[in-house]
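Let me begin by presenting the structure, written as structure tokens, before commenting on it.
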Amino acid sequence: MKGSTHRRCYCRDPKTGKPLGKKCPKLSSRKHGSYSIRQELPPHENGTRRSFNRAGYETLKAAQADLDHVRALIGLVDRDDPEGTALIAAMLEEVGDEKAPLPDVEETRRRLKSGQDLIGRLTVADWLDQWLAGKRIRKSGVSRYETDIRVHLKPRIGHYRLDRLRVSHLSDMFAAISDANAEILEQNDQRRAAIDELATVPWKGADNRARRKAMRAAIDAMPPFRRITGPATRQHIKATLRAALNDAIGQQILTFNPAAHVELDPVRKPKALVWTNERVAKWQRTGEKPSPVMVWTPEQTGAFLDFVAEDRLYAMWHLIAFRGLRRGEACGQPWSETNLDTHALTVSSQLVQDGWEVETSEPKTDSGFRVVALDDDTVAVLKQHRERQEADREKWGSAWVDTGLVFTQENGSWLHPGKVTDLFERLVTASGLPPIRLHDLRHGAATLMLAAGIDVKIVSDTLGHSDTRITRDIYQSVLPHVGKSAAEATAKLVPLQRKVEAEEAARKAAKAAKKVKDMAKPRNKGKRKKPKK
């Protein structure tokens with residue numbers, strides 16, 4: 001196909017106002033005017049001609065380089081490939097009309113092979129919507145992705161072209177999130193201070209009432225209390241974007257994932273702490289928990305189970321406390337997978353929340369599918385619970401909802417996991433024990449098993465962890481007496497001469513003290529021995 005370069009200027013005839021074109025006398029100077037290119041393209045389907053035109057080149061060399069570039073793009077497809085030829089022609093026509101940079105030859109070749117759009121106008125927002133629509137995971141997981149995309153990713157980087165997204169764009173996004181956090185905290189403090197000040201204004205008196213009215217209006221005009229985007233949420237935003245861009249690489253839309261190269265502050269997960277006497281005393285004075293994750297001692301766990309012994313869901317609290325089931329797993333445990341004769345139950349389903357709606361689901365990981373051994377006491381508790389449930393079934397008659405689950409409402413229908421948590425918190429408050437979350441009972445079960453000397457692999461399998469490191473790092477809270485025993489056992493391994501001397505001196509002192517004590521005892525000199533018969 002024909003193509004050419006030429007030099008032209010934009011001078012006009014002062015009389016007619018028409019462009020002089022090649023008749024301009026100044027074109028004899030190489031510094032006057034600029035170079036242009038024109039490349040004929042395959043015609044439209046209706047036979048009309050089309051071409052690629054571009055002007056404004058300062059040198060002939062630059063113009064010729066772009067003309068060669070256009071010809072290389074046309075040469076990516078054979079003449080006997082009408083579909084590919086039409087795609088290249090349409091791409092060049094659009095690039096020329098929009099005065100956009102010429103596409104990279106190798107990138108265009110790759111897009112042709114993978115069947116992608118050649119123009120590359122797909123934005124980050126377009127791709128995120130497309131990616132999310134194709135996810136085939138449980139509803140709660142999709143909801144979490146959707147929140148990250150709707151609240152953070154699309155508003156901040158959705159307008160960028162997907163193939164032009166850079167690490168710097170993502171760094172700017174997370175910096176903006178940090179700035180927004182600072183603003184939210186400041187606004188929360190201002191609103192809280194205004195509310196505290198309002199509480200100090202008396203109700204009586206016309207002036208006070210007018211002042212209170214004005215202050216309430218000012219508070220209503222303030223932004224509401226909002227939560228900041230914490231470190232864990234920022235990491236999840238990054239993970240969502242990274243997963244979406246990895247799929248784009250898998251579909252050959254991208255060759256580089258900028259989300260994999262963004263540095264964020266590490267998330268420090270709270271360590272589980274045991275409610276020791278000292279911590280309980282401080283909590284009683286201040287009302288503060290030492291850590292978001294707190295674990296009861298065996299004595300405290302026993303006190304709670306004794307307190308709720310008559311509760312209708314006692315068997316659930318007992319099972320979670322000793323066997324470490326998750327809340328959803330306990331709520332969704334069916335009788336068909338609970339074999340009290342063999343002292344075992346199989347975790348194969350759970351109830352999960354989507355907003356406030358409840359749905360049944362499989363365990364979230366392969367390791368969640370597991371067999372949990374049951375002790376004699378737990379089996380006895382579950383048998384008693386089954387008898388109570390049978391009595392409820394007879395009481396409700398035809399109104400009974402046969403879900404087949406171990407733990408249900410009084411009419412047999414599903415337990416709402418959120419309501420179970422609320423009930424547990426009320427029971428803990430009523431018991432007077434230091435506060436823990438329902439999930440902390442699971443932490444406590446892991447701690448009790450490890451304190452009993454059970455191998456960490458068995459504990460990990462019982463809890464449904466994919467790796468024993470999760471069990472050790474997150475769930476293992478060392479009980480005070482276990483730590484003391486370990487410390488003593490360790491200290492005995494090292495022979496210290498001063499320690500031996502101190503122990504020897506202590507023995508001698510004890511022996512001398514015993515001798516003095518024996519000498520101080522009164523002797524029975526006045527009594528005569530009875531004569532032997």
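Everything numeric in this text was worked out from a predicted model, so none of it was measured.
- The minimum heavy-atom distance between Thr123 and His159, with the atom names listed, is CG2-O, 4.3 Å.
- The line from CG of Asn188 to CD of Glu183 is 10.5 Å long, rounded to the nearest 0.5 Å.
- Heavy atoms only, all atoms of each residue included: Leu41 and Ile74 are closest at CD2-CD1, 3.8 Å.
- Using a 4.5 Å heavy-atom cutoff, the side chains of Val406 and Met316 are not in contact.
- Side-chain atoms of Arg326 never come within 3.5 Å of backbone atoms of Gly368 as a donor-acceptor pair (strictly under, hydrogens ignored).
- At a threshold of 4.5 Å between non-hydrogen side-chain atoms, the residues Ser36 and Thr5 do not count as touching.
- Heavy atoms only, all atoms of each residue included: Leu438 and Trp317 are closest at CD1-CZ3, 3.9 Å.
- Side-chain contact between Gln350 and Val352 is present, with at least one heavy-atom pair separated by less than 4.5 Å.
- Looking at Thr59, its side chain does come within 3.5 Å of a backbone N or O of Ala62 through a donor-acceptor pair.
- Side-chain contact between Ile37 and Asn53 is absent, with no heavy atoms from C-beta onward closer than 4.5 Å.
- At least one donor-acceptor pair closer than 3.5 Å links the side chain of Arg323 to the backbone N or O of Ala373.
- Residues Gly96 and Arg54 share a closest heavy-atom pair of CA-NH2, 4.1 Å.
- In the displayed structure, Asp97 atom CG is contacted under 6.0 Å by more than 12 heavy atoms of other residues, nucleotides or ligands.
- With no hydrogens or angles considered, no side-chain donor-acceptor pair links Trp396 and Asn411 at under 3.5 Å.
- In terms of heavy-atom proximity, Ala272 sits nearest to His443 at CB-ND1, 4.2 Å.
- With respect to Asp148, the side chain to side chain donor-acceptor pair (under 3.5 Å) criterion is satisfied by exactly one of Arg234, Lys238, His236, Lys154: His236.
- Under the 3.5 Å distance criterion, the side-chain polar atoms of Arg327 are matched with a main-chain donor or acceptor of Pro417.
- For Leu441 against Phe424, the heavy-atom pair with the smallest separation is CD1-CE1, 3.6 Å.
- Counting only heavy atoms from C-beta outward, the side chains of Ser349 and Pro334 approach each other to under 4.5 Å.
- Checked for salt-bridge contact, Lys15 and Asp13 miss the test: no charged N lies under 4.0 Å from a carboxylate O.
- Shown here is Lys457, whose NZ atom has no more than 12 heavy atoms of other residues, nucleotides or ligands within 6.0 Å.
- For His44 (side chain) and Asn46 (main-chain N/O), no donor-acceptor pair under 3.5 Å exists by modelled atom type.
- Every residue two or more places apart in sequence or in another chain was checked for a salt bridge (Lys or Arg N to Asp or Glu O under 4.0 Å) with Arg12, and none qualifies.
- The existence of a salt bridge linking Glu146 and Lys135 is excluded, since no basic side-chain nitrogen approaches an acidic carboxylate oxygen closer than 4.0 Å.
- Residues Thr48 and Pro43 have side chains not in contact (no heavy-atom distance under 4.5 Å, counting atoms from C-beta outward).
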_Worked check of side chain to side chain contact (heavy atoms under 4.5 Å, CB included) between Leu319 and Leu345_ = CA-CA 11 Å; Leu319 185 63; Leu345 61 82; 4.1 Å; yes
_Could you walk me through whether Lys419 and Asp422 satisfy the salt bridge (charged side-chain N to carboxylate O under 4.0 Å, His left out) test, starting with their C-alpha distance in whole Å, then the side-chain angles of each, then the deciding distance to 0.1 Å, before giving a yes or no?_
CA-CA 5 Å; Lys419 293 182 179 179; Asp422 293 341; over 6 Å; no
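- Without hydrogens or angle criteria, Gln235 side chain to Asp265 main chain gives a donor-acceptor distance under 3.5 Å.
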_CA sep, side-chain torsions, deciding dist, call: Gln130, Asp126, side chain to side chain donor-acceptor pair (under 3.5 Å)_ = CA-CA 6 Å; Gln130 180 180 333; Asp126 294 335; over 6 Å; no
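- A cation-pi contact, defined as under 6.0 Å to the ring centre and within 45° of the axis, links Arg191 to Phe225.
- At least one donor-acceptor pair under 3.5 Å links the side chain of Gln409 to the backbone N or O of Trp414.
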_Run the side chain to side chain contact (heavy atoms under 4.5 Å, CB included) test on Leu241 and Leu245 for me, step by step, so that the C-alpha distance in whole Å, both residues' side-chain angles and the decisive distance to 0.1 Å come before the verdict._
CA-CA 6 Å; Leu241 181 61; Leu245 297 184; 4.0 Å; yes
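- By the 30° and 60° cut-offs, the orientation of the rings of Tyr160 relative to His169 is parallel.
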*Between Leu325 and Arg442, does a side chain to side chain contact (heavy atoms under 4.5 Å, CB included) hold up when you go through it step by step?*
CA-CA 7 Å; Leu325 265 66; Arg442 176 174 164 85; 5.9 Å; no
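- Side-chain contact between Lys289 and Pro435 is present, with heavy atoms from C-beta onward closer than 4.5 Å.
- In this structure, CG in Asp440 is found 11.5 Å from CD1 in Ile320, a value given to the nearest 0.5 Å.
- Checking Ser348 against Glu362 by side-chain atom types alone, no donor-acceptor pair falls below 3.5 Å.
- At least one side-chain heavy atom of Trp131 sits less than 4.5 Å from a side-chain heavy atom of Thr240.
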_Under the criterion side chain to side chain contact (heavy atoms under 4.5 Å, CB included), I'd like the reasoning laid out for Arg156 against Asp172: C-alpha separation, chi angles, the key distance, then a yes or no._
CA-CA 9 Å; Arg156 298 187 184 276; Asp172 292 343; over 6 Å; no
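- In this structure, the side chain of Glu58 does not engage the main chain of Tyr35 through any donor-acceptor pair within 3.5 Å.
- We find the CD1-CG distance between Ile157 and Leu162 to be 9.5 Å, quoted to the nearest 0.5 Å.
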*Given side chain to side chain donor-acceptor pair (under 3.5 Å), test Ser178 with Asn181 step by step and report yes or no.*
CA-CA 5 Å; Ser178 297; Asn181 282 343; 5.2 Å; no
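- Between the CD1 atom in Ile253 and the CG atom in Asp247 there is a gap of 9.5 Å [rounded to 0.5 Å].
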_Gln39/Ser51 under side chain to side chain donor-acceptor pair (under 3.5 Å): CA gap, chis, key distance, verdict_ = CA-CA 6 Å; Gln39 174 63 50; Ser51 61; over 6 Å; no
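- Pairs engaging residues 237-272 under the ring pair (Phe, Tyr, Trp, His ring centres under 6.0 Å) rule: Phe256-His261 [sequence neighbours left out].
- Inspection of the Arg226 and Gln187 side chains reveals an N or O donor paired with an N or O acceptor under 3.5 Å.
- For the pair Glu93 (side chain) and Arg50 (backbone), a donor-acceptor distance under 3.5 Å is absent.
- One finds the CG atom of Leu153 at 14.0 Å from the CH2 atom of Trp127 (value rounded to the nearest 0.5 Å).
- In this structure, the side chain to side chain contact (heavy atoms under 4.5 Å, CB included) partners of Glu106, at least two apart in sequence or on a different chain, are Asp104, Arg109.
- In this structure, Arg370 pairs ionically with Glu329, as a charged nitrogen and a carboxylate oxygen lie closer than 4.0 Å.
- Between the side chain of Arg166 and the backbone N or O of Pro258, no donor-acceptor pair lies under 3.5 Å.
- Residues Asp68 and Gln64 have side chains that bring a donor and an acceptor to within less than 3.5 angstrom of each other.
- A distance of 9.5 Å separates CG of Leu170 from CG of Leu264, quoted to the nearest 0.5 Å.
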